[in-house]
Amino acid sequence: MGSISNSDPIFTPEMAAKRQAAEEKASRDFRSDVMTVPTTAMMQAIFNATFVDDIYDPVGDPTVKALEARVMELTGKEAALWVMSGTQGNQICLRTHLTQPPHSVLLDHRAHVQCWESGALPVFSQASVSAVHPKNGVHLTLEDVKANMIADDNIHFPPTRVVALENTLSGTYLPLADAQAISEYVRSYPVAEGTPPIAMHLDAARVFDGVAGEGVSLKDYAACFDSLSICLAKGLGAPMGSIICGSKKFIARAKWYRKMFGGGTRQPGMMAAAALQSLNYTIPRLPAVHAMTRRVGEQLASLGYKFALPVQTNMVVLDLEAVDIPGAAFVEYCAKNNVTTFSNGRLVFHHQTSQDAADSLVDAMTRLMEDKKKGVKLVDEATESGCS
Ligand SMILES: *Cc1c(COP(=O)(O)O)cnc(C)c1O
């Protein structure tokens with residue numbers, strides 16, 4: 001058996017070229033910020049990880065522990081737990097809060113936990129939802145929450161037990177001041193004797209984008225919530241995984257549900273090592289990603305495009321219908337410039353998006369708008385786009 005000595009390069013030229021080609025492809029893919037590839041440093045960290053069984057070992061794997069500790073440090077939370085995906089993280093958190101029906105979760109009508117998780121909430125937690133349309137069209141406020149809380153006093157209605165917020169939601173942040181106002185109200189909301197206070201959960205899939213975009217502290221933001229589920233494989237660019245965090249008591253209980261939902265794993269240290277690396281590498285790069293997004297947004301606005309939502313972090317959400325451009329034509333024009341998009345008009349930027357790709361995108365959109373104005377017939381066929 002051969003072994004790798006300290007002086008051996010870890011990557012053969014073929015391996016490096018394969019990774020580089022994948023990164024090149026990722027650099028031109030605007031469908032989602034999941035479309036990144038691991039950096040060389042992440043892959044080196046994988047080689048350098050620990051390999052302890054995370055279920056049998058009572059202490060757990062040291063690299064996983066280090067990742068959890070880093071997230072605790074960043075969020076100011078007492079405890080953290082590595083999970084397989086953002087969906088799993090959200091559903092474990094909600095299940096841990098929700099004990100005995102009848103009960104309901106108050107959330108934004110577009111919430112990922114409700115709309116994009118295969119209907120998991122009623123299956124795992126037997127919960128109803130109050131799906132609220134924010135009055136301001138962008139994010140929930142205290143006023144929206146107040147108007148939709150379900151009290152403990154009428155047997156026709158399932159009482160609110162969790163208020164679940166999301167930051168960012170389609171690239172827009174829910175401002176810290178609103179999160180604070182909602183949190184203060186919800187946590188002091190009167191409940192029946194013996195019932196725990198109503199819990200605040202944050203789908204924090206892209207919370208690093210949210211706090212960087214608004215320019216607020218993650219610790220202040222996390223303080224508004226009893227649980228957070230943070231994706232490591234979205235804008236942060238790790239190959240997989242999410243982290244949930246909360247109090248020690250909450251996380252100890254959540255660990256049972258992680259096992260129950262199939263999230264107990266054997267040697268996750270390798271993936272945790274890559275994720276640790278992604279936190280160090282990517283967080284400082286987010287402002288540059290947001291700046292590029294903003295520039296493209298401004299260029300598209302000057303071409304006459306309309307937006308469904310404000311451009312605040314790493315997404316431009318176009319309203320193609322407002323300019324009467326079919327989604328299929330949008331995809332086709334972008335593809336001609338070697339740029340990949342979904343037909344729904346959502347453009348997502350990440351740390352590997354290249355300036356060259358951004359220029360190609362704007363160039364494709366320029367031609368599309370010119371052709372539209374000239375009356376060129378644009379393709380208009382049914383398209384499918386599922387994304388999160
Ligand atoms: C991606 C995403 C999740 C989790 O999705 P997974 O694909 O299960 O990792 C949760 N919430 C939001 C807002 C997301 O964008």
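Remember, predicted model here, so these are calculated numbers, not experimental data. Whatever order the structure lists them in is the order used to number ligands and atoms, beginning at 1.
Of all atoms in ligand 1, listed by their number and element, those nearer than 4.0 Å to a heavy atom of N90 are 10 (C), 11 (N). Remark: ligand 1 atoms within the under-4.0 Å shell around heavy atoms of A205 are 2 (C), 10 (C), 11 (N), 12 (C), 13 (C), 14 (C). Near G86, the atoms of ligand 1 lying under 4.0 angstrom from a non-hydrogen atom of the residue are 4 (C), 6 (P), 8 (O), 9 (O). Near E117, with a cut-off below 4.0 Å to any heavy atom, the atoms of ligand 1 are 10 (C).
Counting only N and O atoms by type, the side chains of H201 and S227 include a donor and acceptor under 3.5 Å apart. Remark: the D226 side chain and the H97 side chain contain no N/O donor-acceptor pair separated by less than 3.5 Å. R28 and S360 are linked by a side-chain donor-acceptor pair at a separation below 3.5 angstrom, with hydrogens and angles left out of the test.
Looking at D203 against ligand 1, only its side chain comes within 4.0 Å, counting heavy atoms.
Geometrically, R266 engages Y56 in a cation-pi contact defined by less than 6.0 Å to the ring centre and at most 45° from the axis. R206 forms no cation-pi arrangement with F208, by the criterion of a distance under 6.0 Å to the ring centre and an angle within 45° of the ring axis.
R206 counts as a contact of ligand 1, since one of its heavy atoms falls under 4.0 Å from the ligand.
Residues forming a side chain to side chain donor-acceptor pair (under 3.5 Å) with D319 (at least two apart in sequence, or on another chain): none.
Closest heavy-atom approach to atom 14 (C) of ligand 1 within the set K234, M240, M84, E166: this belongs to K234.
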